[in-house]
Trainee: 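Questions regarding the structure given below will be posed in turn.
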Amino acid sequence: MRRLRADYPDAECALRYNSPVQLLVATILSAQCTDERVNLVTARLFADCPTAEDLAGLPLERLERYVQSTGFFRNKAKNIKACCTTLVEEYDGQPPRTLEELVPLAGVGRKTANVVLGVAYGIAAGVVVDTHVGRLSRRTGLTTQEDPVRVERDLMELLPRSRWIDFSHQMIYHGRQVCDARRPKCDTCSFRRFCPRVGVAD
DNA sequence: ATCCCGAGGG
DNA sequence: CCCTCTGGAT
């Protein structure tokens, strides 16, 4: 934990947004897609449609065209429209502040809900477990679980709540820059001494 | 377990 | 060609 904090003291969410709703939409778009591409898409989308009302009112075909290059674009467009419609109708256009209220929204699971709560509202309701956090947690032996919900439970037991939010951002940075999925750079990794699987495949 | 789905790297 | 990218719904 100390090394992680020392290596990435300024790690933060790489998605660009100007409001909690925009962060929620950007996070939905980030599924199986690089944050860089999400930012490319949201730059245009949020310039034209900054609020939940704007996004909910956008015809589905137009929304699909905006988000097309992020992949899964039909699902993502449909979910964003439905999600923003619910926000307008039930939450005055603002994402709610609890997991219980966020997860039922279209296209929102625990990962997305934890990002919005932690990053937009500073609420540590859980640990964000995405593909990077899951992979690194398994490689370093913090968990043996595959299911993201079980990985999250293990991490919540290991980490003090005060570190839940920063931990994920730091793991994601390290996962992108060093411990990537295909060819991890174990020879230059600063976690070499702690890692039980240096030189081991997957 | 399977489907959704485009873009970029090796 | 194959794999991966801040997943979620059925």
Side-chain angles (χ1 to χ4, degrees), chain A residues 4 8 10-17 20 22-45 60-61 63-87 95 99-121 124-140 142-143 145-153 155 164-186 201-202:
Chain A
L4 204 52
Y8 308 106
D10 300 318
E12 58 183 5
C13 183
L15 298 170
R16 294 204 200 102
Y17 61 97
Q22 292 188 4
L23 176 60
L24 175 55
V25 171
T27 308
I28 290 174
L29 290 175
S30 73
Q32 301 292 295
C33 180
T34 62
D35 56 323
E36 186 182 0
R37 177 147 299 278
V38 172
N39 289 334
L40 224 53
V41 164
T42 54
R44 292 191 302 119
L45 180 60
L60 192 54
E61 298 74 23
L63 188 49
E64 285 181 352
R65 242 172 283 136
Y66 273 106
V67 305
Q68 191 262 352
S69 70
T70 65
F72 299 162
F73 67 92
R74 292 189 186 88
N75 280 339
K76 287 176 180 177
K78 182 166 44 129
N79 286 334
I80 288 168
K81 187 173 172 67
C83 178
C84 287
T85 299
T86 304
L87 291 183
L99 270 177
E100 291 70 24
E101 293 173 295
L102 281 167
V103 169
L105 297 170
V108 180
R110 280 192 70 90
K111 182 261 174 183
T112 299
N114 278 330
V115 168
V116 170
L117 290 172
V119 177
Y121 295 140
V127 178
V128 171
V129 178
D130 63 353
T131 180
H132 292 301
V133 175
R135 181 181 70 250
L136 268 65
S137 295
R138 281 185 290 275
R139 283 181 175 170
T140 53
L142 296 178
T143 184
Q145 302 294 331
E146 285 286 340
D147 176 13
V149 174
R150 293 183 179 178
V151 174
E152 183 181 359
R153 180 172 48 70
L155 293 176
W164 285 2
I165 298 172
D166 288 341
F167 173 81
S168 291
H169 295 139
Q170 291 160 355
M171 291 285 268
I172 290 165
Y173 264 63
H174 188 68
R176 291 199 306 212
Q177 297 173 6
V178 182
C179 194
D180 57 282
R182 295 291 290 276
R183 208 171 63 82
K185 303 171 180 63
C186 299
D202 186 44

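Sequence lines set the chain letters: A, B, ... in the order given, protein chains first and strands last, and positions in each chain run from 1. Here the structure is a predicted model, which means the values were calculated and not measured.
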Trainee: Please say whether more than 12 non-hydrogen atoms of neighbouring residues, nucleotides or ligands are located less than 6.0 Å from CZ in R16(A).
Mentor: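 Atom CZ in R16(A) is not crowded, with 12 or fewer foreign heavy atoms closer than 6.0 Å.
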Trainee: Under 4.0 Å between any heavy atoms, over every strand shown, what does L105(A) touch: base, sugar-phosphate, or nothing? Just pick one.
Mentor: sugar-phosphate
Trainee: Aromatic contact between Y8(A) and H169(A), with the criterion being ring centroids under 6.0 Å apart: yes or no?
Mentor: no
Trainee: Could you tell me whether the side chain of K111(A) reaches within less than 4.5 Å of the side chain of T27(A), counting heavy atoms only?
Mentor: yes
Trainee: Is there side-chain contact between K185(A) and D180(A), with at least one heavy-atom pair below 4.5 Å?
Mentor: yes
Trainee: For E12(A) and for V108(A), find the nucleotide of DNA chain C with the closest heavy atom, then tell me which residue's nucleotide is more 5'.
Mentor: E12(A)
Trainee: Expressed as a whole number of Å, how far does the P atom of dA7(B) sit from that of dG8(C)?
Mentor: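 To the nearest whole Å, 22 Å.
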Trainee: Whole-Å distance between dT6(C) C1' and Q170(A) CD?
Mentor: 15 Å
Trainee: Distance-only, no hydrogens or angles: does the N39(A) side chain make a donor-acceptor pair with backbone N or O of A14(A) under 3.5 Å?
Mentor: yes
Trainee: Starting at atom OH of Y173(A), determine the distance to atom C1' of dC5(C), rounded to an integer number of angstrom.
Mentor: 16 Å
Trainee: What is the distance from CG of D130(A) to P of dC5(C), rounded to the nearest Å?
Mentor: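 My rounded result for the distance is 9 Å.
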Trainee: Return the value, rounded to whole Å, for the distance between atom CD of E152(A) and atom C1' of dG7(C).
Mentor: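 It is 14 Å, rounded to the nearest whole Å.
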Trainee: How far, in whole Å, is dT6(C) from dG10(B) if one measures between their P atoms?
Mentor: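 Per the computed distance, 15 Å lies between those P atoms.
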Trainee: In whole angstrom, what separates Q177(A)'s CD from dT4(C)'s P?
Mentor: 19 Å
Trainee: Starting at NZ of K111(A) and ending at P of dA9(C), how long is that distance when rounded to a whole Å?
Mentor: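 Spelled out: NZ on K111(A) to P on dA9(C) is 13 Å.
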Trainee: Would you tell me if any nitrogen or oxygen in the side chain of T131(A) comes within less than 4.0 Å of OP1 or OP2 on dC5(C)?
Mentor: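 T131(A) to dC5(C) OP1/OP2: side-chain N or O found under 4.0 Å.
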Trainee: Just to be sure I understand the rule, does T112(A) reach a base, reach only the sugar-phosphate, or reach nothing, if contact means heavy atoms closer than 4.0 Å?
Mentor: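 Sugar-phosphate, backbone atoms only, no base.
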Trainee: Round to a whole Å and report the spacing from CD1 of I28(A) to P of dT6(C).
Mentor: 17 Å
Trainee: Does the Lys NZ or Arg CZ of R176(A) fall within the cation-pi geometry relative to Y173(A) - under 6.0 Å from the ring centre and within 45° of the axis?
Mentor: yes
Trainee: Report the C-alpha distance between L45(A) and L63(A) in whole Å, list the side-chain angles of each, state the deciding distance to 0.1 Å, and finish with yes or no for side chain to side chain contact (heavy atoms under 4.5 Å, CB included).
Mentor: CA-CA 8 Å; L45(A) 180 60; L63(A) 188 49; 4.0 Å; yes
Trainee: Whole angstroms only, please: what is the CD-C1' distance between E36(A) and dT4(C)?
Mentor: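 Value for this atom pair: 14 Å.
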Trainee: What string of B, S and - do you get for nucleotides 2-10 of chain B 5' to 3' if you count protein non-hydrogen atoms under 4.0 Å?
Mentor: --BBBSSB-
